[in-house]
Structures are given as C-alpha cells and as structure tokens.
Amino acid sequence: MKHFINIVFYLTFGTVYGQTLVVLGTLQDGGSPHMNCEKPCCAAPKANDYVACLGVYDSTLAVLFDATPDIVPQLGEILERSGSKKYSVFLTHAHMGHYTGLAHFGREAANTSKVPVYAMPRMIDFLAKNGPWNQLLKLQNITLNGLEEGVPRMLKNGLIIEPFLVPHRDEFSETVGYYIKRKGGKVALYIPDIDKWEEWEENIIAVIPRVDFAFIDGTFFADGEVPRPMSEVPHPFISESAKLFSYLPRKEREKIYFIHLNHSNPGRNAEFEGRKALEAEGLHFAEFGQEFQL
Ligand SMILES: [Zn+2]
Ligand SMILES: [Zn+2]
Ligand SMILES: [Zn+2]
C-alpha cells in the first residue's frame with residue numbers, strides 16, 4: 001500500500017518535487033575562443049562551450065549558479081528544460097566569468113523585472129555601490145537577497161542552497177561555494193574557484209563523503225600550463241587534486257566532476273591521455289547538458 005501511495009504521489013507531484021541539476025557551462029571565466037589565443041585549444045570551437053555554470057530546475061523553478069558572459073544561451077537552455085518562466089540567480093563572486101552576465105537583465109537588453117539575485121554581503125555591497133550594476137537595482141531589473149555563510153536558504157519545493165566561504169583572490173567580493181540540496185534528496189557541492197585546497201578551512205577529502213556530486217575547480221591541468229607565473233592565479237591543479245583524491249575509495253572519487261577549465265587545459269579534450277587515466281580512476285570532467293537528479 002505504501003509503495004502504491006508513493007507511486008501515486010510521484011506521478012502527481014514528481015515533476016514538481018524533484019529537481020534536476022544540469023551543467024550549463026564548463027569553462028574558466030575567459031571562455032574559449034580565448035582572447036589573443038592562437039593555439040590549437042581555441043582553433044576549433046565546440047558547440048555549447050560556455051563559461052562554468054550549474055542550473056537547477058523543476059517545472060516551477062529555474063536557478064542559475066552564476067551569471068556568466070554566456071548567460072543568454074544558458075538561461076534559454078534551463079528555461080526550455082524547465083518549462084517555467086521564473087528564474088533566479090545565486091552568485092559566487094565578482095570575477096568576470098561569474099557575475100557580468102547580469103548586464104543582460106538591464107534596460108539595454110532584456111529589461112527584466114525583479115529577477116531575484118542571491119549573494120553574500122560584500123558582493124551585494126559591490127553591486128549596490130557601483131555602476132552599471134546599481135542601475136539594475138534602481139530600475140528594479142533585479143532584486144538583491146542577502147546570504148550568510150553556513151545559513152541554508154530554503155527555496156520552493158524543498159530546494160535548499162547553502163553558501164560557504166572559500167579562499168580566492170577577493171578583490172571586489174568574498175568568494176563562496178554552494179551546497180545545493182533537496183530536502184530528503186541528494187546534495188551537490190559547487191566550488192568553481194578556490195586558490196588551493198590547503199588554504200580552505202574544510203578538508204575536501206572529508207567533504208566529498210558528505211555529498212552525492214561534487215563539481216570542483218579544474219582550471220589548470222598541471223603547473224606550467226600558461227606562460228605566466230601561475231602563482232598569480234592560484235588554483236588546485238587537476239594533477240594535485242587527483243593525487244589528493246587517490247586517498248579516497250573509488251565510490252567517493254566517482255562523485256567528482258572537474259569544472260571551470262581554462263581554455264589551455266588539455267583535459268578539455270576527451271582523447272587526452274592524462275584525462276583518460278583519471279577517468280579510469282573514477283574521476284569525471286563535467287560536460288554541457290549532463291543532468292543529475294537531486
Ligand atoms: Zn572563475
Ligand atoms: Zn586557447
Ligand atoms: Zn574567480
């Protein structure tokens with residue numbers, strides 16, 4: 001009987017109460033083709049190759065994690081999958097790949113009405129005090145909703161979003177990652193940018209077992225990848241992360257998806273031997289359009 005009730009409940013409410021997480025972009029802020037890059041990495045652009053972005057949707061809501069420079073096709077994609085006309089945005093930080101897409105909500109473009117944008121205090125302050133972002137507020141194209149570290153924000157249909165601070169180059173705002181969870185459902189971890197795992201107060205090795213999927217910073221594959229001092233743009237190299245994750249059991253490693261890949265990252269190519277070796281160990285590379293049930 002209980003089983004029957006569950007089935008009826010699912011058929012009645014399943015589409016409303018179950019959210020889907022979708023990968024809407026996988027690249028570092030500068031995207032690809034990357035300005036002034038004449039190397040093979042940017043010679044043959046792929047379809048739907050957008051800046052790092054996750055979406056969560058059901059038939060009544062659509063949530064974007066970050067407003068990237070590619071927000072136009074990314075928002076179009078999630079609204080098509082959802083069928084909903086309502087959407088909101090959670091921001092991680094004030095680097096160009098993560099918030100400048102907000103410009104499309106303004107009067108010169110979509111001229112939206114009161115799109116809910118969620119952000120941390122410094123990020124909110126930055127948007128509220130600087131043009132052109134403060135005009136989005138003045139014209140009510142967006143509304144700003146404050147987040148607090150470690151405080152879960154309940155959205156509709158049991159969707160819960162919880163921000164946490166991560167160490168990053170915080171010139172204009174703090175930087176957060178998110179736990180994306182559904183009440184009674186699964187938990188996804190999103191950390192597109194972090195300087196180095198050692199600088200985070202949490203131990204990533206202890207965090208992975210507490211989540212079901214982990215989308216984490218895979219900006220560079222290894223040291224020496226770009227011709228500039230890589231300490232200026234610190235990220236955990238995929239090679240370093242993979243070494244760390246080798247201490248996890250395989251079933252834990254299988255939760256991990258590298259995202260936010262720099263144009264130069266050889267791991268963007270599915271045929272790259274270094275990537276194939278990591279995939280053989282259970283690790284994954286996020287791909288546009290991949291879906292996960294929360
Ligand atoms: Zn970034
Ligand atoms: Zn390139
Ligand atoms: Zn950043």
Side-chain angles (χ1 to χ4, degrees), residues 21-34 37 39-54 97 166 168 177 186-200 202-231 233-292:
L21 184 153
V22 57
V23 175
L24 295 171
T26 61
L27 296 175
Q28 182 269 358
D29 302 42
S32 178
H34 196 93
C37 180
K39 295 196 174 139
C41 50
C42 293
K46 281 195 296 182
N48 301 323
D49 215 5
Y50 303 133
V51 172
C53 176
L54 294 184
V166 295
H168 190 42
K186 297 200 165 154
V187 184
L189 173 78
Y190 187 42
I191 307 181
D193 268 287
I194 188 167
D195 284 358
K196 289 284 178 192
W197 295 122
E198 314 78 271
E199 285 164 33
W200 189 25
E202 294 272 2
N203 178 355
I204 185 67
I205 289 293
V207 171
I208 300 290
R210 303 204 302 259
V211 304
D212 297 284
F213 320 108
F215 301 90
I216 59 165
D217 186 338
T219 308
F220 300 117
F221 200 89
D223 202 0
E225 189 176 307
V226 287
R228 67 195 268 190
M230 292 187 79
S231 55
V233 281
H235 291 275
F237 301 124
I238 287 181
S239 57
E240 291 174 334
S241 298
K243 199 167 170 202
L244 203 57
F245 298 146
S246 70
Y247 295 102
L248 286 168
R250 187 183 171 104
K251 79 170 183 25
E252 298 298 336
R253 277 203 302 275
E254 285 179 350
K255 298 172 176 176
I256 296 167
Y257 291 77
F258 291 110
I259 197 164
H260 192 271
L261 272 63
N262 202 53
H263 68 109
S264 59
N265 191 323
R268 289 176 57 211
N269 180 355
E271 298 308 313
F272 173 55
E273 289 301 328
R275 167 170 168 167
K276 284 188 186 167
L278 298 185
E279 285 172 334
E281 309 250 298
L283 297 164
H284 306 278
F285 288 74
E287 297 284 350
F288 174 86
Q290 274 172 340
E291 289 199 334
F292 303 82

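Sequence positions, counted from 1, serve as the residue numbers for this chain.
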Colleague: Determine the minimum heavy-atom distance between Ala188 and Phe215, stating which atoms define it.
Modeller: CB-CE1, 4.3 Å
Colleague: To the nearest 0.5 angstrom, please state how far the CD atom of Glu273 sits from the CG atom of Leu278.
Modeller: 11.5 Å
Colleague: Check for a donor-acceptor pair, side chain of Arg275 on one end and backbone N or O of Pro266 on the other, with a separation under 3.5 Å.
Modeller: no
Colleague: Scan Ile194, Leu244, Ile204 and name whichever one has a side chain to side chain contact (heavy atoms under 4.5 Å, CB included) with Pro236.
Modeller: Ile194
Colleague: Could you go through Asn48 and Leu24, starting from their C-alpha distance and side-chain angles, then the distance that decides it, and tell me whether this counts as side chain to side chain contact (heavy atoms under 4.5 Å, CB included)?
Modeller: CA-CA 8 Å; Asn48 301 323; Leu24 295 171; over 6 Å; no
Colleague: Drop me the distance from Cys42's SG to Arg268's CZ, to the nearest 0.5 angstrom.
Modeller: 6.0 Å
Colleague: Would you say the ring centers of Tyr50 and Phe288 fall short of 6.0 Å from each other?
Modeller: yes
Colleague: Measure the spacing between CD of Glu202 and CZ of Arg210 and express it to the nearest 0.5 Å.
Modeller: 5.5 Å
Colleague: For Leu261 and Phe220, what are the C-alpha separation, side-chain angles and deciding distance, and is it a side chain to side chain contact (heavy atoms under 4.5 Å, CB included)?
Modeller: CA-CA 6 Å; Leu261 272 63; Phe220 300 117; over 6 Å; no
Colleague: For the atom pair CG (Asn265) and CZ (Phe258), what is the distance rounded to the nearest 0.5 Å?
Modeller: 9.5 Å
Colleague: Is there a side chain to side chain contact (heavy atoms under 4.5 Å, CB included) between Asp29 and Asp193? Walk through the geometry before answering.
Modeller: CA-CA 10 Å; Asp29 302 42; Asp193 268 287; 4.1 Å; yes
Colleague: Using the side chain to side chain contact (heavy atoms under 4.5 Å, CB included) rule, take Gln290 and Tyr257 through it: C-alpha gap first, then chi angles, then the decisive distance, then the call.
Modeller: CA-CA 11 Å; Gln290 274 172 340; Tyr257 291 77; 3.9 Å; yes
Colleague: So His168 and His235, would you call those rings parallel, tilted or perpendicular, with 30° and 60° as cut-offs?
Modeller: tilted
Colleague: Without swapping roles, check the side chain of Lys39 against the backbone of Ser264 for a donor-acceptor pair under 3.5 Å.
Modeller: no
Colleague: Can you name the closest pair of heavy atoms from His263 and Ser32 and give their distance?
Modeller: CB-CB, 4.0 Å
Colleague: Any side-chain heavy atom of Leu54 sitting closer than 4.5 Å to one from Phe213?
Modeller: no
Colleague: Can you name the nearest heavy-atom pair linking Gly97 to Val51, along with the distance?
Modeller: O-CG1, 3.5 Å
Colleague: Taking all atoms of both residues into account, what is the closest heavy-atom pair of Pro209 and Ala206, and its distance?
Modeller: CD-O, 3.4 Å
Colleague: State, with a plain yes or no, whether a side-chain heavy atom of Phe292 is found less than 4.5 Å away from one of Lys186.
Modeller: no
Colleague: Quick one: do the Thr219 and Gln28 side chains pair a donor with an acceptor below 3.5 Å?
Modeller: no
Colleague: Can you name the nearest heavy-atom pair linking Thr26 to Ala286, along with the distance?
Modeller: CG2-O, 3.3 Å
Colleague: Looking at side-chain heavy atoms only, is the closest gap between Ile256 and Leu248 below 4.5 Å?
Modeller: yes
Colleague: Can you find a pair of side-chain heavy atoms, one from Lys255 and one from His284, that are under 4.5 Å apart?
Modeller: no
Colleague: Which heavy atom of Phe285 sits nearest a heavy atom of Gly267, and at what distance?
Modeller: CD2-O, 3.7 Å
Colleague: Can you measure from CD1 (Ile191) to CD1 (Ile216) and round to the nearest 0.5 angstrom?
Modeller: 7.0 Å
Colleague: Atom OG of Ser231 and atom CG of Asp195: how far apart are they, to the nearest 0.5 Å?
Modeller: 11.0 Å
Colleague: Inspect the surroundings of NZ in Lys196 and state if more than 12 heavy atoms from other residues, nucleotides or ligands are less than 6.0 Å away.
Modeller: yes
Colleague: Decide yes or no for Tyr190 and Leu21: does some side-chain heavy atom of the first lie under 4.5 Å from some side-chain heavy atom of the second?
Modeller: no
